[in-house]
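Reviewing the structure listed below.
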Amino acid sequence: MTDLALNTRAGLPDALRVLLAEYPRDGWERDPGFDGLIRFWLDRHLMFRRLMTEMRSNTEALIDHKLDTGRYLSVVSRYGGMFVNGLHEHHTIEDTYYFPKLSQRDTRITKGFDILDSDHHAIDAYLNAFVEKANTVITKADNRTKLQDAAGAFQGHLTELEQLLNRHLLDEEELIVPVILKFGTEGLG
């Protein structure tokens, strides 16, 4: 197989996308199996994407002097906490509950769940750096020049994290949603 590390892959290998071929993304919402669990799970992914977009756009606005410091610090603190805590909780539930159950439903894609679990560990390192850089930004609030520099470093990290998270979320959706559409939600809670 090709390199499957989160920071280098362009997607999951075709061998792990067999169910996606049967259940393509553009037909998910029309499928009778597209129920509350799938919709809830995809909404969580959308929330993480929106939080990233909001933090990135607000950081850009601060750097461009289009947003005042107080408003920016409020966004970073509030949305950053929601993002980190929500993502940790989401990944913990997936790793301990959903992935073990879903990986048993079709052995052809078991390796995909191992990759997603590995992604979670890689993302954890980025989340730790995210917290560190966000805290640095917050501590520089009393000096606009230092705040600008810290926000620039934070922006670079946000961009990288957003790309990695999007790669992971896309791969996760394209592995998990077809499994649920094919086998249903029985036994998933």
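Hydrogens, waters and symmetry mates are skipped; everything else that's a heavy atom, side chains included, is used.
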Is there a donor-acceptor contact under 3.5 Å linking the side chains of [X] and [Y]?
X	Y	result
Q163	R167	no
T159	R56	no
E174	W28	no
E54	N58	yes

- Query: Taking the six-membered ring for Trp, are F113 and Y98 ring centroids under 6.0 Å apart?
  - Reply: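 Aromatic pair excluded; centres sit 6.0 Å or further apart.
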- Message: Are H91 and H168 an aromatic pair, judged by ring center distance below 6.0 Å?
- Response: yes
Nearest heavy atoms of [X] and [Y], plus distance in Å:
X	Y	answer
L169	R49	CB-NH2, 3.3 Å
I109	V18	CG2-CG2, 4.0 Å
L12	R17	O-CD, 3.0 Å

- Item | Results of ring pair (Phe, Tyr, Trp, His ring centres under 6.0 Å) for H157 - residues two or more places apart only | Y126
- Show the numbers, then the answer: is there a side-chain contact (heavy atoms from CB on, under 4.5 Å) between E173 and R25? CA-CA 9 Å; E173 292 162 3; R25 185 181 278 270; 2.8 Å; yes
- Under 3.5 Å: donor-acceptor pair, side chain of S118, backbone of D114: no
